[in-house]
There are 2 protein chains.
Amino acid sequence: MDVYDKYAYEPFAVTVDLAVFTVRGGALHVLLVERGEEPYAGRWALPGGFVRPDESAETAARRELGEETGLTDVSGPHLEQLRTYSEPDRDPRMRVVSVAFAALLPDAPEAHGGGDAARARWTPYAAAGPLAFDHDRILADARERVGAKLEYTCLATAFCPPEFTLGELQQVYETVWGTALDRPNFRRKVLATPGFVEAVPGAARLTGGRGKPAALYRAGTATALHPPLLRPTPEGRPA
Amino acid sequence: MDVYDKYAYEPFAVTVDLAVFTVRGGALHVLLVERGEEPYAGRWALPGGFVRPDESAETAARRELGEETGLTDVSGPHLEQLRTYSEPDRDPRMRVVSVAFAALLPDAPEAHGGGDAARARWTPYAAAGPLAFDHDRILADARERVGAKLEYTCLATAFCPPEFTLGELQQVYETVWGTALDRPNFRRKVLATPGFVEAVPGAARLTGGRGKPAALYRAGTATALHPPLLRPTPEGRPA
DNA sequence: CCTTTTATGGTCAAGGCGACTATAAAAGGG
DNA sequence: CCCTTTTATAGTCGCCTTGACCATAAAAGG
């Protein structure tokens, strides 16, 4: 990292791209924006934008998250850096290096308040067609990362509202992983992990649905999951 | 990521920084270079350099790895992107965004063949004093990532020569994690994981040391470790 | 009132893993 | 040449986790 090297260096544009996920109605959704200009005019793309001179990539990502979702409290949602995409030809116009982030939101915010957010739409992950640039790749990487992190972190609560039932939490796992889980076993595992969730003391209950009302829980203070909650292996996944 | 936005964007310099690790004599070592110029003249730093106009960050990292280690076959070593560091003030001279990588090498190459490699020295991780720029942080992040990946991947073999004993493999774990492991249990776990290691058929053996000669193994084809090989928890590490 | 639906509680056996003991095969020192 | 030391390898035992179940409780709907 020697700026005084004799090598000439070329200036790059640096952007952030966001894969913003939520779980809605049993399906994983991602926030997309429609491009208005070339290249890829009319195609959908991940929200994002330039990193400004006084910003870190993290700051820029959180700013973009607020602009695209219309959220007021932008400090709440889980946001984490994924990796950086820097293929020389990933943008046909110029050299653009993009730092990708994944964000996890609870359902509800139907997005597009004003400004940039007006362009944004929640799209089922499965229906997120061919995206602009290398965003298909970024989105796939982001989804894989989120699925993997559910195994060994308490990240699943980031998809849930402040108070939630264990059934809702299980829905998050089943939706992201695309597999069904045994309810009693899931419950046993979650409750046996100290700090994962904590019961809402008011013995509160919920919901408009059928069946016995469920107890409410809040996210606990733990972040890691030891031992991990491994997704069921369809066959053998050792390789 | 809209280049036609009205926002002015500032050009950034983009570099790669490498945390190159090896296990030597029961201690984790990292490859450092001494800076000759301001700022941080005389301080040690992670090797790295500018990403060239026709390179991706991955390509630049592998090129730098070759230049700094003097290795000929630069396609062999494990190299993986860590994350990107982009704090606006991380370089006092100008706006530099750095994509950090971790590289894992087997012991032996005493580095510095010619060119840039002459500047490079293997340093025990524990003795890697205050480094230039934010490289202390990068190095700490890299070490943590490597330690974590040993748990759920077969990455440990990247520290070993082409043929190795289970004792050497265990040494890798103990060195990176800083904990002792029970030998029979470690052996049982490694051999029970299909594709982790495969026995060298020639019933070969080794070594100049005392004791019963050990069987030789090669790295297998598996990359993931299911179930994981968790490092012993000193107390409770659920948080 | 009975069925359906969801939440919750419990059992049981197989497998993984930590702790530990035992044996085998080399080197080194008297 | 024997005995100790050292390292590799084999095996045992019991606890805990986990997957596959079964059973009960509490609501809604007909």
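Chain letters run A, B, ... following the sequence lines, proteins first, then strands; residues in each count from 1.
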Student: Of the nucleotides C:dT6, D:dT9, C:dC17, which has the atom closest to the B:Ala214 side chain?
Tutor: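 Output: D:dT9.
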Student: Check this one for me: any side-chain N or O of A:Arg187 less than 4.0 Å away from OP1 or OP2 of C:dG9?
Tutor: yes
Student: Whether A:Lys189 contacts D:dT18 is assessed here as follows: a side-chain N or O lying under 4.0 Å from the phosphate OP1 or OP2. Is that the case?
Tutor: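 Affirmative; the distance criterion is met.
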Student: Would you indicate which nucleotide in D:dA26, D:dT9, C:dG16 comes nearest to any side-chain atom of B:Lys212?
Tutor: D:dT9
Student: Whether B:Lys189 and B:Glu151 form a salt bridge (side-chain N of Lys/Arg under 4.0 Å from carboxylate O of Asp/Glu) is what I want to check.
Tutor: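 Not counted as a salt bridge, because no side-chain N and carboxylate O are separated by less than 4.0 Å.
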Student: Choose from D:dT12, C:dT4, C:dT8 the nucleotide whose nearest atom is closest to any side-chain atom of A:Pro184.
Tutor: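 Shortest atom-to-atom distance from the side chain points to C:dT8.
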Student: Find the partner of D:dC16: check Watson-Crick (N1-N3 plus N6-O4 or O6-N4) and G-U wobble (N1-O2, O6-N3) distances, both under 3.5 Å, and reply none if neither fits.
Tutor: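 Paired with C:dG15.
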Student: Tell me which nucleotide among D:dT5, D:dG29, C:dA7 gets nearest to the side chain of A:Arg183.
Tutor: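 Between D:dT5, D:dG29, C:dA7, the one nearest the side chain of A:Arg183 would be C:dA7.
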Student: What does D:dG30 pair with, Watson-Crick or G-U, if both distances are under 3.5 Å?
Tutor: C:dC1
Student: For B:Asp141, is there an ion pair with B:Arg145 - N to carboxylate O distance below 4.0 angstrom?
Tutor: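 Answer for the salt bridge query: no.
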Student: Do the side-chain N and O atoms of A:Asp107 and A:Thr22 include a donor-acceptor pair separated by under 3.5 angstrom?
Tutor: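 There is no such pair between these side chains.
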Student: What is the distance, rounded to the nearest whole Å, between atom CG of A:Asp182 and atom C1' of D:dT18?
Tutor: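 It works out to 10 Å between those atoms.
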Student: May I ask you to say whether B:Arg62 pairs ionically with B:Glu58, meaning some side-chain N is under 4.0 Å from a carboxylate O?
Tutor: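 Salt bridge between B:Arg62 and B:Glu58, a charged N being under 4.0 Å from a carboxylate O: no.
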Student: Between C:dA7, D:dT12, D:dA20, which nucleotide gets closest to the side-chain atoms of A:Arg188?
Tutor: D:dA20
